[in-house]
Participant: 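Below: one structure in C-alpha coordinates.
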Amino acid sequence: MSALLSLFAISLSAILAENFILVKFLGICPFMGVSKKTDTALGMGLAVIFVMALASAATWAVNEFLLVRLGLEYMQTVVFILVIAALVQFVEMFLQKALPALYQALGIYLPLITTNCAVLGVALLNIQNSYTFIEAVIYGVTGGVGFTLAIVLFSSVRERLEDCDCPKAFRGFPLALIAAGLLALSFMGFSGFKVF
Amino acid sequence: MNFKKQLKEGLLTNNPVLSQLLGMCSTMAITTTLFNGIGMGLSVTIILICSNVVISALRKIIPDKIRIAAYIVVIAGFVTMVDLLLKAYVPALSDSLGVFIPLIVVNCIILGRAEAFASKHGVLAAAVDGLTQGIGYTAALVLMCVIRELLGSGTFGKGVLGADGVRILPAQYPALLVILPVGGFLTLGCLIALTQWVNRRLAEKEQEKEAVK
(Lines give C-alpha, C1' and ligand atoms only; values in the text may rest on other atoms or scores of the structure.)
Protein backbone atom coordinates (compact mmCIF):
# COMPACT_ATOMS: atom_id res chain seq x y z
CA MET A 1 0.00 0.00 0.00
CA SER A 2 2.73 2.44 0.97
CA ALA A 3 4.55 1.63 -2.29
CA LEU A 4 1.41 2.53 -4.24
CA LEU A 5 1.04 5.71 -2.25
CA SER A 6 4.61 6.72 -3.01
CA LEU A 7 4.03 6.11 -6.73
CA PHE A 8 0.93 8.29 -6.51
CA ALA A 9 2.96 11.00 -4.78
CA ILE A 10 5.66 10.86 -7.46
CA SER A 11 3.04 11.14 -10.21
CA LEU A 12 1.20 14.07 -8.70
CA SER A 13 4.33 16.02 -8.00
CA ALA A 14 5.74 15.33 -11.49
CA ILE A 15 2.54 16.53 -13.18
CA LEU A 16 1.65 19.51 -11.02
CA ALA A 17 3.85 20.70 -8.16
CA GLU A 18 7.18 19.95 -9.85
CA ASN A 19 6.04 20.38 -13.46
CA PHE A 20 9.01 19.83 -15.76
CA ILE A 21 8.53 22.96 -17.81
CA LEU A 22 6.97 25.49 -15.52
CA VAL A 23 8.74 24.71 -12.26
CA LYS A 24 11.92 22.85 -13.17
CA PHE A 25 12.68 24.69 -16.44
CA LEU A 26 13.44 21.53 -18.39
CA GLY A 27 12.40 21.37 -22.04
CA ILE A 28 11.80 25.08 -22.64
CA CYS A 29 13.03 24.93 -26.27
CA PRO A 30 10.28 22.63 -27.61
CA PHE A 31 7.82 24.34 -25.26
CA MET A 32 8.48 27.63 -27.03
CA GLY A 33 9.16 26.18 -30.47
CA VAL A 34 6.24 23.80 -31.02
CA SER A 35 3.47 25.53 -29.11
CA LYS A 36 1.99 27.66 -31.87
CA LYS A 37 -0.88 25.29 -32.58
CA THR A 38 -2.77 22.99 -30.24
CA ASP A 39 -2.60 19.85 -32.40
CA THR A 40 1.15 20.05 -33.00
CA ALA A 41 1.61 20.71 -29.28
CA LEU A 42 -0.39 17.60 -28.48
CA GLY A 43 1.65 15.54 -30.96
CA MET A 44 4.91 16.73 -29.43
CA GLY A 45 3.57 16.03 -25.94
CA LEU A 46 2.64 12.45 -26.79
CA ALA A 47 6.02 11.81 -28.41
CA VAL A 48 7.74 13.17 -25.30
CA ILE A 49 5.69 10.95 -22.95
CA PHE A 50 6.64 7.93 -25.05
CA VAL A 51 10.35 8.72 -25.23
CA MET A 52 10.62 9.79 -21.58
CA ALA A 53 9.11 6.50 -20.41
CA LEU A 54 11.42 4.44 -22.62
CA ALA A 55 14.45 6.58 -21.76
CA SER A 56 13.78 6.28 -18.02
CA ALA A 57 13.63 2.50 -18.29
CA ALA A 58 16.67 2.18 -20.56
CA THR A 59 18.96 4.56 -18.70
CA TRP A 60 17.98 3.10 -15.33
CA ALA A 61 18.90 -0.37 -16.55
CA VAL A 62 22.14 0.77 -18.17
CA ASN A 63 23.14 2.62 -15.03
CA GLU A 64 22.26 -0.22 -12.65
CA PHE A 65 23.62 -3.16 -14.62
CA LEU A 66 26.52 -1.57 -16.46
CA LEU A 67 27.84 1.63 -14.96
CA VAL A 68 27.45 0.80 -11.27
CA ARG A 69 28.78 -2.74 -11.72
CA LEU A 70 31.84 -1.49 -13.55
CA GLY A 71 32.35 1.54 -11.28
CA LEU A 72 31.91 3.96 -14.19
CA GLU A 73 29.26 6.27 -12.71
CA TYR A 74 31.21 9.33 -13.84
CA MET A 75 30.42 8.40 -17.46
CA GLN A 76 26.68 8.88 -16.85
CA THR A 77 26.26 12.04 -18.90
CA VAL A 78 28.04 10.67 -21.97
CA VAL A 79 26.41 7.25 -21.82
CA PHE A 80 22.90 8.58 -21.17
CA ILE A 81 22.93 10.99 -24.08
CA LEU A 82 24.12 8.21 -26.37
CA VAL A 83 21.45 5.83 -25.07
CA ILE A 84 18.79 8.49 -25.63
CA ALA A 85 20.02 9.32 -29.13
CA ALA A 86 20.12 5.66 -30.09
CA LEU A 87 16.72 5.05 -28.54
CA VAL A 88 15.10 7.92 -30.41
CA GLN A 89 16.60 6.69 -33.67
CA PHE A 90 15.38 3.17 -32.96
CA VAL A 91 11.88 4.29 -32.03
CA GLU A 92 11.72 6.29 -35.24
CA MET A 93 12.70 3.30 -37.38
CA PHE A 94 10.37 0.96 -35.49
CA LEU A 95 7.37 3.26 -35.82
CA GLN A 96 8.05 3.80 -39.50
CA LYS A 97 7.90 0.05 -40.14
CA ALA A 98 5.32 -1.14 -37.62
CA LEU A 99 2.90 1.73 -37.04
CA PRO A 100 3.02 4.06 -40.04
CA ALA A 101 -0.08 5.93 -38.89
CA LEU A 102 1.50 6.83 -35.55
CA TYR A 103 4.75 7.63 -37.34
CA GLN A 104 2.93 10.11 -39.55
CA ALA A 105 1.60 11.85 -36.46
CA LEU A 106 4.72 11.85 -34.30
CA GLY A 107 7.57 11.36 -36.81
CA ILE A 108 8.62 14.95 -37.28
CA TYR A 109 8.89 15.55 -33.52
CA LEU A 110 11.08 12.55 -32.77
CA PRO A 111 14.47 13.89 -33.97
CA LEU A 112 13.90 17.06 -31.95
CA ILE A 113 13.52 15.03 -28.78
CA THR A 114 17.16 13.92 -28.60
CA THR A 115 18.17 17.40 -27.57
CA ASN A 116 15.19 17.95 -25.30
CA CYS A 117 16.65 18.55 -21.88
CA ALA A 118 13.57 17.10 -20.19
CA VAL A 119 14.56 13.63 -21.43
CA LEU A 120 18.18 13.75 -20.27
CA GLY A 121 16.93 15.55 -17.16
CA VAL A 122 14.53 12.78 -16.22
CA ALA A 123 17.27 10.17 -16.68
CA LEU A 124 19.65 12.07 -14.41
CA LEU A 125 16.99 12.91 -11.81
CA ASN A 126 15.95 9.24 -11.57
CA ILE A 127 19.50 8.37 -10.53
CA GLN A 128 19.85 11.41 -8.28
CA ASN A 129 16.64 10.56 -6.39
CA SER A 130 17.70 6.87 -6.28
CA TYR A 131 14.35 5.69 -7.62
CA THR A 132 13.59 2.01 -8.12
CA PHE A 133 12.88 0.75 -11.65
CA ILE A 134 9.08 1.10 -11.31
CA GLU A 135 9.38 4.54 -9.73
CA ALA A 136 11.72 5.65 -12.51
CA VAL A 137 9.32 4.56 -15.24
CA ILE A 138 6.36 6.19 -13.49
CA TYR A 139 8.38 9.37 -13.05
CA GLY A 140 9.22 9.31 -16.76
CA VAL A 141 5.60 8.83 -17.85
CA THR A 142 4.12 11.40 -15.49
CA GLY A 143 6.91 13.88 -16.18
CA GLY A 144 5.90 13.58 -19.82
CA VAL A 145 2.23 14.03 -18.91
CA GLY A 146 3.15 17.21 -17.04
CA PHE A 147 5.06 18.40 -20.12
CA THR A 148 2.05 17.69 -22.35
CA LEU A 149 -0.33 19.44 -19.97
CA ALA A 150 1.82 22.56 -19.91
CA ILE A 151 2.46 22.68 -23.67
CA VAL A 152 -1.20 22.10 -24.61
CA LEU A 153 -2.46 24.71 -22.15
CA PHE A 154 0.16 27.15 -23.38
CA SER A 155 -0.58 26.56 -27.06
CA SER A 156 -4.20 27.54 -26.59
CA VAL A 157 -3.10 30.72 -24.83
CA ARG A 158 -0.65 31.41 -27.61
CA GLU A 159 -3.18 31.06 -30.40
CA ARG A 160 -4.94 34.05 -28.89
CA LEU A 161 -1.74 36.06 -28.41
CA GLU A 162 -1.12 35.94 -32.18
CA ASP A 163 -3.43 38.79 -33.02
CA CYS A 164 -3.31 40.93 -29.93
CA ASP A 165 -2.18 44.52 -30.10
CA CYS A 166 0.96 45.14 -28.07
CA PRO A 167 4.17 47.23 -28.27
CA LYS A 168 6.32 46.25 -31.27
CA ALA A 169 9.32 45.13 -29.21
CA PHE A 170 7.17 42.68 -27.23
CA ARG A 171 5.54 41.08 -30.26
CA GLY A 172 6.14 37.37 -30.72
CA PHE A 173 8.63 35.77 -28.41
CA PRO A 174 8.83 38.15 -25.42
CA LEU A 175 5.06 38.21 -25.06
CA ALA A 176 4.97 34.41 -25.22
CA LEU A 177 7.52 34.25 -22.41
CA ILE A 178 5.47 36.59 -20.27
CA ALA A 179 2.35 34.50 -20.89
CA ALA A 180 4.36 31.41 -19.90
CA GLY A 181 5.37 33.25 -16.74
CA LEU A 182 1.73 33.79 -15.84
CA LEU A 183 1.04 30.11 -16.49
CA ALA A 184 3.95 29.25 -14.18
CA LEU A 185 2.41 31.56 -11.59
CA SER A 186 -0.79 29.54 -11.65
CA PHE A 187 1.18 26.29 -11.27
CA MET A 188 2.83 27.76 -8.18
CA GLY A 189 -0.51 27.22 -6.51
CA PHE A 190 0.32 23.51 -6.43
CA SER A 191 3.62 23.89 -4.64
CA GLY A 192 3.81 22.73 -1.06
CA PHE A 193 1.16 20.19 -1.96
CA LYS A 194 2.03 16.89 -0.29
CA VAL A 195 0.24 13.56 -0.35
CA PHE A 196 1.80 12.09 2.75
CA MET B 1 39.30 44.14 -36.62
CA ASN B 2 37.18 41.06 -36.97
CA PHE B 3 37.29 40.21 -33.26
CA LYS B 4 35.55 43.45 -32.37
CA LYS B 5 32.74 42.73 -34.80
CA GLN B 6 32.31 39.20 -33.49
CA LEU B 7 32.29 40.48 -29.92
CA LYS B 8 29.56 42.96 -30.77
CA GLU B 9 27.58 40.17 -32.42
CA GLY B 10 28.04 37.90 -29.40
CA LEU B 11 27.04 40.56 -26.91
CA LEU B 12 24.18 42.27 -28.69
CA THR B 13 23.10 41.78 -32.28
CA ASN B 14 23.52 38.00 -32.30
CA ASN B 15 23.51 37.28 -28.56
CA PRO B 16 22.91 33.54 -28.08
CA VAL B 17 20.21 34.01 -25.44
CA LEU B 18 18.67 37.38 -26.17
CA SER B 19 18.67 37.31 -29.99
CA GLN B 20 19.05 33.70 -31.10
CA LEU B 21 16.79 32.51 -28.25
CA LEU B 22 18.93 29.46 -27.49
CA GLY B 23 19.72 27.81 -24.19
CA MET B 24 16.82 29.26 -22.31
CA CYS B 25 16.37 26.43 -19.79
CA SER B 26 19.57 27.19 -17.90
CA THR B 27 19.17 30.94 -18.37
CA MET B 28 15.91 30.95 -16.48
CA ALA B 29 16.59 28.14 -14.03
CA ILE B 30 19.85 29.10 -12.38
CA THR B 31 19.92 32.89 -12.49
CA THR B 32 18.93 33.51 -8.89
CA THR B 33 22.33 34.63 -7.53
CA LEU B 34 25.34 36.28 -9.16
CA PHE B 35 27.54 33.35 -8.09
CA ASN B 36 25.42 30.87 -10.07
CA GLY B 37 25.32 33.10 -13.12
CA ILE B 38 29.07 33.68 -13.32
CA GLY B 39 29.83 30.01 -12.61
CA MET B 40 27.43 28.74 -15.25
CA GLY B 41 28.56 31.36 -17.77
CA LEU B 42 32.23 30.48 -17.36
CA SER B 43 31.57 26.73 -17.53
CA VAL B 44 29.60 27.09 -20.76
CA THR B 45 32.21 29.43 -22.25
CA ILE B 46 35.02 26.95 -21.58
CA ILE B 47 33.03 24.04 -23.00
CA LEU B 48 31.97 26.10 -26.00
CA ILE B 49 35.56 27.08 -26.85
CA CYS B 50 36.88 23.52 -26.44
CA SER B 51 34.08 21.86 -28.40
CA ASN B 52 34.25 24.50 -31.16
CA VAL B 53 38.00 23.94 -31.53
CA VAL B 54 37.74 20.14 -31.61
CA ILE B 55 34.75 20.07 -33.96
CA SER B 56 36.37 22.57 -36.29
CA ALA B 57 39.59 20.53 -36.31
CA LEU B 58 37.65 17.35 -37.08
CA ARG B 59 35.22 18.91 -39.55
CA LYS B 60 36.75 17.20 -42.58
CA ILE B 61 36.92 13.77 -40.90
CA ILE B 62 33.40 13.54 -39.45
CA PRO B 63 30.98 12.04 -42.02
CA ASP B 64 28.07 14.29 -42.75
CA LYS B 65 25.37 11.76 -41.87
CA ILE B 66 26.39 11.11 -38.28
CA ARG B 67 27.73 14.56 -37.54
CA ILE B 68 25.13 15.44 -34.89
CA ALA B 69 25.89 12.27 -32.92
CA ALA B 70 29.62 12.94 -33.22
CA TYR B 71 29.17 16.54 -32.03
CA ILE B 72 27.14 15.39 -29.05
CA VAL B 73 29.84 12.91 -28.01
CA VAL B 74 32.54 15.60 -28.20
CA ILE B 75 30.39 18.01 -26.20
CA ALA B 76 29.43 15.37 -23.63
CA GLY B 77 33.12 14.59 -23.08
CA PHE B 78 33.94 18.19 -22.25
CA VAL B 79 30.84 18.58 -20.09
CA THR B 80 31.86 15.54 -18.06
CA MET B 81 35.33 17.01 -17.54
CA VAL B 82 33.95 20.34 -16.36
CA ASP B 83 31.41 18.56 -14.14
CA LEU B 84 34.13 16.50 -12.43
CA LEU B 85 36.42 19.54 -12.05
CA LEU B 86 33.64 21.59 -10.45
CA LYS B 87 32.75 18.74 -8.09
CA ALA B 88 36.39 18.54 -7.01
CA TYR B 89 37.32 22.21 -6.71
CA VAL B 90 34.09 24.25 -6.40
CA PRO B 91 31.61 21.89 -4.70
CA ALA B 92 29.39 24.82 -3.64
CA LEU B 93 28.77 25.76 -7.27
CA SER B 94 28.27 22.15 -8.27
CA ASP B 95 25.62 21.77 -5.55
CA SER B 96 23.71 24.90 -6.43
CA LEU B 97 23.69 24.27 -10.20
CA GLY B 98 22.84 20.59 -9.70
CA VAL B 99 21.47 18.81 -12.72
CA PHE B 100 22.01 21.84 -14.97
CA ILE B 101 25.75 21.14 -15.29
CA PRO B 102 25.31 17.74 -17.02
CA LEU B 103 22.43 19.28 -18.97
CA ILE B 104 24.90 21.63 -20.71
CA VAL B 105 25.23 18.67 -23.15
CA VAL B 106 21.80 19.43 -24.57
CA ASN B 107 22.18 23.20 -24.30
CA CYS B 108 21.24 24.30 -27.81
CA ILE B 109 23.89 27.06 -27.82
CA ILE B 110 26.76 24.61 -27.99
CA LEU B 111 25.24 22.30 -30.58
CA GLY B 112 23.96 25.34 -32.46
CA ARG B 113 27.39 26.95 -32.72
CA ALA B 114 28.95 23.60 -33.69
CA GLU B 115 26.48 23.21 -36.54
CA ALA B 116 26.28 26.84 -37.63
CA PHE B 117 29.89 27.95 -37.21
CA ALA B 118 32.53 25.43 -36.14
CA SER B 119 31.69 22.92 -38.86
CA LYS B 120 32.32 25.53 -41.55
CA HIS B 121 35.29 27.56 -40.29
CA GLY B 122 38.93 27.10 -39.29
CA VAL B 123 40.18 26.33 -35.78
CA LEU B 124 41.18 29.84 -34.81
CA ALA B 125 37.96 31.43 -36.04
CA ALA B 126 35.97 28.75 -34.22
CA ALA B 127 37.83 29.44 -30.97
CA VAL B 128 37.14 33.17 -31.27
CA ASP B 129 33.48 32.42 -32.03
CA GLY B 130 33.30 30.19 -28.94
CA LEU B 131 34.83 32.94 -26.79
CA THR B 132 32.58 35.74 -28.06
CA GLN B 133 29.39 33.68 -27.96
CA GLY B 134 30.38 32.46 -24.49
CA ILE B 135 30.91 36.05 -23.34
CA GLY B 136 27.50 36.95 -24.75
CA TYR B 137 25.87 34.06 -22.87
CA THR B 138 27.67 34.99 -19.65
CA ALA B 139 26.67 38.64 -20.03
CA ALA B 140 23.01 37.67 -20.49
CA LEU B 141 23.16 35.40 -17.42
CA VAL B 142 24.84 38.05 -15.28
CA LEU B 143 22.27 40.63 -16.34
CA MET B 144 19.43 38.25 -15.43
CA CYS B 145 21.09 37.44 -12.10
CA VAL B 146 21.64 41.06 -11.12
CA ILE B 147 18.04 42.01 -11.90
CA ARG B 148 16.45 38.97 -10.28
CA GLU B 149 18.67 39.06 -7.21
CA LEU B 150 18.07 42.78 -6.66
CA LEU B 151 14.29 42.57 -7.03
CA GLY B 152 13.90 39.12 -5.49
CA SER B 153 16.19 39.17 -2.47
CA GLY B 154 17.27 42.81 -2.41
CA THR B 155 20.99 42.02 -2.51
CA PHE B 156 23.89 42.23 -4.97
CA GLY B 157 26.59 39.64 -5.54
CA LYS B 158 25.34 36.81 -3.32
CA GLY B 159 28.10 34.21 -3.07
CA VAL B 160 30.62 36.46 -4.84
CA LEU B 161 30.83 39.37 -2.36
CA GLY B 162 30.48 37.36 0.85
CA ALA B 163 27.90 34.64 1.51
CA ASP B 164 24.91 37.01 1.63
CA GLY B 165 26.15 39.71 -0.72
CA VAL B 166 25.59 43.43 -0.24
CA ARG B 167 22.10 44.40 0.87
CA ILE B 168 20.63 47.15 -1.30
CA LEU B 169 16.89 47.01 -0.67
CA PRO B 170 15.73 46.65 2.97
CA ALA B 171 14.63 43.10 3.79
CA GLN B 172 10.89 43.82 3.78
CA TYR B 173 10.69 45.15 0.18
CA PRO B 174 11.98 42.44 -2.20
CA ALA B 175 9.36 40.33 -4.00
CA LEU B 176 10.21 36.66 -3.57
CA LEU B 177 8.23 36.02 -6.76
CA VAL B 178 11.11 37.27 -8.91
CA ILE B 179 13.51 34.51 -7.86
CA LEU B 180 10.80 31.86 -8.26
CA PRO B 181 10.28 30.31 -11.74
CA VAL B 182 7.69 32.97 -12.64
CA GLY B 183 10.30 35.69 -12.28
CA GLY B 184 12.59 33.85 -14.69
CA PHE B 185 10.00 33.94 -17.47
CA LEU B 186 9.02 37.55 -16.85
CA THR B 187 12.60 38.88 -16.58
CA LEU B 188 13.75 37.06 -19.72
CA GLY B 189 10.67 38.22 -21.63
CA CYS B 190 11.38 41.85 -20.77
CA LEU B 191 15.10 41.55 -21.56
CA ILE B 192 14.41 40.00 -24.97
CA ALA B 193 11.92 42.78 -25.72
CA LEU B 194 14.59 45.32 -24.77
CA THR B 195 17.17 43.65 -27.02
CA GLN B 196 14.75 43.61 -29.96
CA TRP B 197 14.09 47.31 -29.40
CA VAL B 198 17.81 48.17 -29.25
CA ASN B 199 18.59 46.06 -32.31
CA ARG B 200 15.81 47.68 -34.30
CA ARG B 201 17.11 51.10 -33.29
CA LEU B 202 20.64 50.17 -34.41
CA ALA B 203 19.36 48.86 -37.75
CA GLU B 204 17.34 52.03 -38.32
CA LYS B 205 20.36 54.21 -37.58
CA GLU B 206 22.49 52.31 -40.06
CA GLN B 207 19.83 52.68 -42.69
CA GLU B 208 19.72 56.42 -42.06
CA LYS B 209 23.50 56.61 -42.42
CA GLU B 210 23.35 54.84 -45.75
CA ALA B 211 20.49 57.05 -46.90
CA VAL B 212 22.63 60.13 -46.15
CA LYS B 213 25.51 58.70 -48.18
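All values below come from the heavy atoms of this structure, side chains included, with hydrogens, waters and symmetry mates left out. Here is how names work: the chains are called A, B, and so on, in the same order as the sequence lines, proteins then strands, and each is numbered from 1.
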Participant: Using non-hydrogen atoms only, which part of B:I30 is less than 4.5 Å away from chain A: side chain, backbone, both, or neither?
Facilitator: neither

Participant: Relative to chain A, which segment of B:L84 carries a heavy atom at a distance below 4.5 Å: side chain, backbone, both, or neither?
Facilitator: side chain

Participant: Given B:V106, which of A:V119, A:L120, A:N116, A:I84 fulfils the side chain to side chain contact (heavy atoms under 4.5 Å, CB included) condition?
Facilitator: A:L120

Participant: Return the option, out of B:V79, B:I68, B:I192, B:T187, with the maximum number of heavy-atom pairs under 4.5 Å with chain A.
Facilitator: B:I192

Participant: So which atom in B:P181 and which in A:L22 form the shortest heavy-atom distance, rounded to 0.1 Å?
Facilitator: CB-O, 3.4 Å

Participant: Quick one: list whatever passes side-chain contact (heavy atoms from CB on, under 4.5 Å) with B:A29, sequence neighbours left out.
Facilitator: A:F25, B:F100

Participant: Taking all non-hydrogen atoms of both residues into account, name the closest pair between B:F185 and A:I21 and its distance.
Facilitator: CZ-O, 4.3 Å

Participant: Can A:L26 and B:L103 be said to form a side chain to side chain contact (heavy atoms under 4.5 Å, CB included), step by step?
Facilitator: CA-CA 9 Å; A:L26 295 171; B:L103 283 180; 3.2 Å; yes

Participant: Could you look at B:L180 and say if it's the side chain, the backbone, both or neither that has a heavy atom under 4.5 Å from chain A?
Facilitator: side chain

Participant: Taking CZ in B:R201 as the centre, count heavy atoms belonging to other residues, nucleotides or ligands within less than 6.0 Å. Is the count above 12?
Facilitator: no

Participant: Mind running side chain to side chain contact (heavy atoms under 4.5 Å, CB included) on B:L177 and A:L185 for me, showing each step along the way?
Facilitator: CA-CA 9 Å; B:L177 194 75; A:L185 188 63; 3.5 Å; yes

Participant: Among B:S26, B:P102, B:C25, whose side chain to side chain contact (heavy atoms under 4.5 Å, CB included) with A:C117 holds?
Facilitator: B:C25

Participant: How about A:I134: does its CD1 atom have over 12 heavy atoms from other parts shown lying under 6.0 Å from it?
Facilitator: no

Participant: Anything in residues 165-184 of chain A with a heavy-atom distance to chain B below 4.5 Å? Please list those residues in order.
Facilitator: A:K168, A:A169, A:F170, A:R171, A:F173, A:P174, A:L177, A:I178, A:A180, A:G181, A:A184

Participant: Heavy-atom cut-off 4.5 Å, strictly under: side chain, backbone, both or neither for A:M75 against chain B?
Facilitator: neither

Participant: Is it the backbone or the side chain of B:L21 that comes under 4.5 Å from a heavy atom of chain A, or both, or neither?
Facilitator: side chain

Participant: Contact part of B:L22 toward chain A, heavy-atom cut-off under 4.5 Å: side chain, backbone, both or neither?
Facilitator: neither

